[in-house]
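Everything on this sheet refers to the single structure shown next.
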Amino acid sequence: MAIPLKQAAHVGAYIAKQRLTHTQRYPLTLMLEPLYRCNLACAGCGKIQHADEILKAQLTPEQCWAAADECGAPVVAIPGGEPLMHPQIDRIVQGLIARGKFVYLCTNAILLTHKLDIFEPSPYLTFSVHMDGVRQDHDDSVCREGVYDVAVDAIKQAKARGFRVTTNSTFFLGADPGRVRQMFDEMMAIGVDGLMVSPGYAYEKAPDQEHFLQREQTKELFREILQDPPDSWSFNHSTLFLDFLKGEVEYDCTPWGMPCYSVLGWQRPCYLLDEGYTHTFQELMDETQWDNYGPRSGNPKCQQCMVHSGFEASAVIDASSNIGAGLRTLRKALV
Ligand code: SF4
């Protein structure tokens, strides 16, 4: 089980508290985007197509901490853009850890080796390194030769210095299950603590619109990728989310489970769709018509979506609230 026990216990206690107070909707992970700038231009990314003035903007550490305080989620993921390009990323991370947040700093790892000195290893800090495939597949995915080797070297150096590292992989139409499995083997062999996966989502702004997966294609791909997983693989996910990707369990989306805050404000309704922004988290929760989102709503934009940021919260809440689902998770964690 790749999710550290301390984090699992903390999140479990947080969910129990929400249930005791009869809170219907609550966040599990804040997706904090302190900037949209990036040092890559991946074909499947919908974040770097913003106007220049937005790409130049960045959140201050104080804005990041205020968002974390307001939202209250126990986990903070920091995607972007490339967060290591933020000149105060170390202060941002320190302040979040000081608040008891479990921080996942998502990075393409191009700058990671040079930035390791500004961070301290901590059970509250994980570098989540973008890794979409074996060497050629990854370099094709990020549209630049040599990035796989840079990332592998950075992972090894981070691990040697005591940091917690996971990989973070997004798969698109045409992904080869055998080569994905090979990449998982390679990553576990160099010592990553866990693997994270998601099907790619059809960002309207992404340059490549032809390789996003439909729902049935997603299930077929993940059934092949995850068939008879070797003991050496460790996933930084709820096992129920992996079951969901394989089509063995159905969930509706929990878009408020991973709210997104960026230089534009709180993004409505989720990390992927861009239907306006609110100034405060409370406004996001109170004023969003949540019933209009998720596959069961009938919203055509949600019909093919199975992404991590929409559905992992559904799986985690299910495992924590439903004895049968919780036992299934425990049984899978023990075998
Ligand atoms: S189903 Fe996907 S696109 Fe729709 S609200 Fe959920 S995460 Fe967003």
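Whatever order the structure lists them in is the order used to number ligands and atoms, beginning at 1. None of the values given here were measured: they were computed from a predicted structure. Sequential numbering from 1 along the given sequence is applied to the chain's residues.
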| query | Is it true that R223 and E220 make a salt bridge, defined as a side-chain N closer than 4.0 Å to a carboxylate O? | reply | no
| For ligand 1, which atoms sit closer than 4.0 Å to a heavy atom of G310? | 7 (S)
| Contact atoms of ligand 1, heavy-atom distance to L273 under 4.0 Å | 3 (S)
| Protein contact to atom 6 (Fe) of ligand 1 [nearest heavy atom, distance to 0.1 Å] | C253 SG, 2.3 Å
| said: Any donor-acceptor pair under 3.5 Å linking the side-chain atoms of Q157 with those of D153? | reply: yes
| message | Within the 3.5 Å criterion, strictly below it, is a donor on T166 or T126 matched to an acceptor on the partner's side chain? | response | no
| task | Determine, for E283 against R268, whether the closest basic-nitrogen to carboxylate-oxygen distance falls under 4.0 angstrom. | result | no
| Element-labelled atoms of ligand 1 that are located less than 4.0 Å from some non-hydrogen atom of Y293 | 5 (S)
| query | Is the side chain of Q267 donor-acceptor paired with the backbone N or O of L273 at a distance under 3.5 Å, no angle test? | reply | yes
| task | Starting from atom 8 (Fe) of ligand 1, find the nearest protein heavy-atom neighbour and note its residue, name and distance. | result | C270 SG, 2.4 Å
| query | N/O/S of C302 less than 2.8 Å from atom 2 (Fe) of ligand 1? | reply | no
| request: Could you verify whether a donor N or O on one side chain and an acceptor N or O on the other, from H130 and D132, lie under 3.5 Å apart? | output: yes
| task | Confirm or rule out an N/O/S atom of C305, from backbone or side chain, lying less than 2.8 Å from atom 8 (Fe) of ligand 1. | result | no
